[in-house]
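A note on names: the letters A, B, ... follow the listed sequences, proteins ahead of strands, and every chain is numbered from 1. Values in this document were obtained by computation on a predicted structure and should not be read as measured data.
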There are 2 protein chains.
Amino acid sequence: MGSSVDGTGKQRPTMADVAAKAKVSRALVSIVFRNQPGASQKTRDRVLRVADEIGYRPDNAARLLARGRSRTLGVMLTVHNAFHADLVTSVYPEAEGLGYDVLLAATAPGHGESHAVESLISHRCEAVILLGPDAPTADLDALGRRTVAVSVGRRVPGARVDSVRSSEGKGVRQAMDHLVELGHRHIVHIDGGRGPGSAERRRAYRAAMRRHGLDSGVRVIPGAHTEESGIAAGHLLVAERDRGHPLPTAVLAGNDRCAMGLLMTLARAGIDVPGEVSVVGYDDSHLSHVMPVGLTTVRQDAVRMARYAVRFAVERLGDGASEKPREAVLDPKLVVRDTSAPPRP
Amino acid sequence: MGSSVDGTGKQRPTMADVAAKAKVSRALVSIVFRNQPGASQKTRDRVLRVADEIGYRPDNAARLLARGRSRTLGVMLTVHNAFHADLVTSVYPEAEGLGYDVLLAATAPGHGESHAVESLISHRCEAVILLGPDAPTADLDALGRRTVAVSVGRRVPGARVDSVRSSEGKGVRQAMDHLVELGHRHIVHIDGGRGPGSAERRRAYRAAMRRHGLDSGVRVIPGAHTEESGIAAGHLLVAERDRGHPLPTAVLAGNDRCAMGLLMTLARAGIDVPGEVSVVGYDDSHLSHVMPVGLTTVRQDAVRMARYAVRFAVERLGDGASEKPREAVLDPKLVVRDTSAPPRP
DNA sequence: GCGCTCTACTAGCGCGCTCTAGTGCGAGTA
DNA sequence: TACTCGCACTAGAGCGCGCTAGTAGAGCGC
């Protein structure tokens, strides 16, 4: 007896409890909670009041089971990624506006993408939105056949998966045009290894150099989308300078985190940015606003990307029409701040 | 007819489908999938093979409903917070080791804490782990009565909620002792406003100054747990110096992000760290490893904090015993890196 | 009186699973 | 032969809800 009611016995109240206490049928309570026609205003108020009193919350599991649809979107993200955080922030309002709930699952060391996705699916997410997926195309295709999947930030040609990304080509081209216009000729690129989008950025960098007649100056320093990689590249450049090689006058980093690490290393080495070296990032993640000296970078519009991702998922759930995978390619936008300037004469 | 099988018609196979195809009862399939005794090895293999063939996955919603327990832990986090990311990373393995699944919900602008928690609860999380909750104590207490809740990084005295935090007092004391031992006397503190733990850190800073006989030098610059706040404080100090006031020889920042902003501002102003000013952070978040010059900081052990949080939740689910809210206070540890040194004579 | 419509409400099945209480059935024991 | 025992397996109730089909009653026209 002692164990049944107080504190410890957290027995969730059910619809039946509410119904009994409000002296109506279960069905009526259901109607009220789904906000459907078929109940008088008076009854609605009473039911809601009673429900509130006994702390009733509809049970999603049962709800899903009964209606066959969960109206829940799953989002897979990398928990340390600031850009993913931006995206998630924008996914919420969009999804809720369309009547969908959002559940998150993170990838982390020891908790890979398949884990995260399985978790989402088994919690009945109707669709999964994958932020920067890293899985093989074949896996994504298989996933896309099993459920509705949207990839954000990565093209997945040949897989049954919608995708949303920004045009890496255009972004890089804008950045390069900006630098060349300022007068830079010696521009190196720290690439993002196999990070999302980096292959395209690399390609676009090369193309831009060629287009500006700077073929011979092409230099790609292998890197990754991390601060460490920017630091390493910075050390490399500084070491080269100390051995008598000239610094490049501009660096196009693989992303903002990389640019960030680079900036700190340059600052430490007493190299003036943008006086001696201009630095351009990529992403316009929170970092860029936050630094005392604004980072010139390429903005990927997280809000619009999130919107497209959610819409793709919901539309495909809606009709299942439009058999072919769709792709939204958004134009990124160069944001010029304080780390880029004409090279010193 | 055309719409029933191919591509679009993502009809999830159920247990009954597997049972029919394997020529056994549904119950047997259930036994196999729960890995319970009561089926021969031969049958197990056959069932699993058939299930795999038709792509069957157990449906969590139904499973939860049926067994009354979800064995799922919900984690509420702030999506932009690096320390939360560390915690989440450690929550996963711990929870999975205990047989629990993990679901995340983020707080974000327009998607407050109550939203996130409701979402978790309605998805049948048996317990919620709140990372740095900001809600009023009364709300947390109410939540703790409705379900099992654990607060991480914030004491919630008087609420029916377990909590895990590190001893701000000890952390700050270690940092201050370190600075004083190096010879610093002029130490200011940039506080964290109403951020988690900052009240205690502020108090501990004052106490330490007093203890070292530096009462008269106490100075708290109002701030927040953000890079911006570090930048602002940095500008303030630089401006003061330009007006002839001496710089402090050491700064205890409210957390790493704040320290980070401060460092960048100082670097920009040509102030040498740690030559002219020593800087100590708090959190040992990823940032600290990542900067080219290692940040001296106070480590909150994310791994252990996550472990305690999960254990508290699971234990309370297990027996419901130990009526009184429990509290784990972990000792943080000063990590001396490169931003602290003796003051210039 | 009858039929009709409209609103407010209820009965009860079924979603996909778990779990208790069984049913056979072959082997071991007396 | 009769009896237990243990193993492999099954029948069927029920988890909390949504939803379809239905009922009761009020109002209205003839």
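Between A:Leu65 atom CG and D:dC15 atom C1' there is a gap of 9 Å when expressed in whole angstrom units. Put simply, CG on B:Asp45 is 15 Å from C1' on D:dA8, counting in whole angstrom units. Distance B:Phe33 CZ to D:dC9 C1': 17 Å, rounded to the nearest Å. Protein atom CE of A:Met15 is 10 Å distant from nucleotide atom P of D:dC19, rounded to whole Å. Rounded to a whole Å, the CG atom of A:Leu64 is 12 Å from the P atom of C:dG16. Counting to the nearest Å, the P atom of C:dG16 and the CG atom of B:Asp59 are 8 Å from each other.
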*asked:* Across nucleotides 4-10 of chain C, 5' to 3', mark each nucleotide with B, S or - according to how protein heavy atoms within less than 4.0 Å reach it.
replied: ----SBB
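Rounding to the nearest 0.5 angstrom, the gap separating the OG1 atom in A:Thr107 from the NE2 atom in A:His80 is 9.5 Å.
Comparing B:Gln36 and B:Ala62 against DNA chain C, the residue whose closest nucleotide sits nearer the 5' end is B:Ala62.
Looking only at atom types and distance, the side chain of A:Ser30 has no donor-acceptor partner in the side chain of A:Arg26 under 3.5 Å away. A donor and an acceptor atom, one from each side chain of B:Ser122 and A:Asn60, are located under 3.5 Å apart.
Within the 3.5 Å criterion, the main-chain N or O of A:Asp134 finds a donor-acceptor partner in the side chain of A:Glu113. Counting only distance, with no hydrogens or angles, the side chain of B:Arg71 and the backbone of B:Leu98 share a donor-acceptor pair below 3.5 Å.
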*Using Watson-Crick and G-U wobble pairs whose two distances are both under 3.5 Å, how do you write the pairing of DNA chain D as dot-bracket, with | for links to another strand?*
||||||||||||||||||||||||||||||
*Passes side-chain contact (heavy atoms from CB on, under 4.5 Å), A:Asp162 versus A:Glu315? Steps please.*
CA-CA 11 Å; A:Asp162 291 335; A:Glu315 280 169 19; over 6 Å; no
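Using a 4.5 Å cut-off on side-chain heavy atoms (C-beta onward), B:Leu143 and B:Val161 make no contact.
Using a 4.0 Å heavy-atom cutoff across all strands shown, B:Pro37 reaches no nucleic acid atom at all.
By the 6.0 Å contact criterion, CZ on A:Phe312 is enclosed, its count of non-hydrogen atoms from other residues, nucleotides or ligands being greater than 12.
Ring orientation note: the planes of B:Tyr92 and A:His111 are close to parallel, at an angle under 30° on the 30°/60° scale.
Looking at the side chain of B:Arg34, the nearest of the listed nucleotides D:dG18, C:dC19, D:dG16 is C:dC19.
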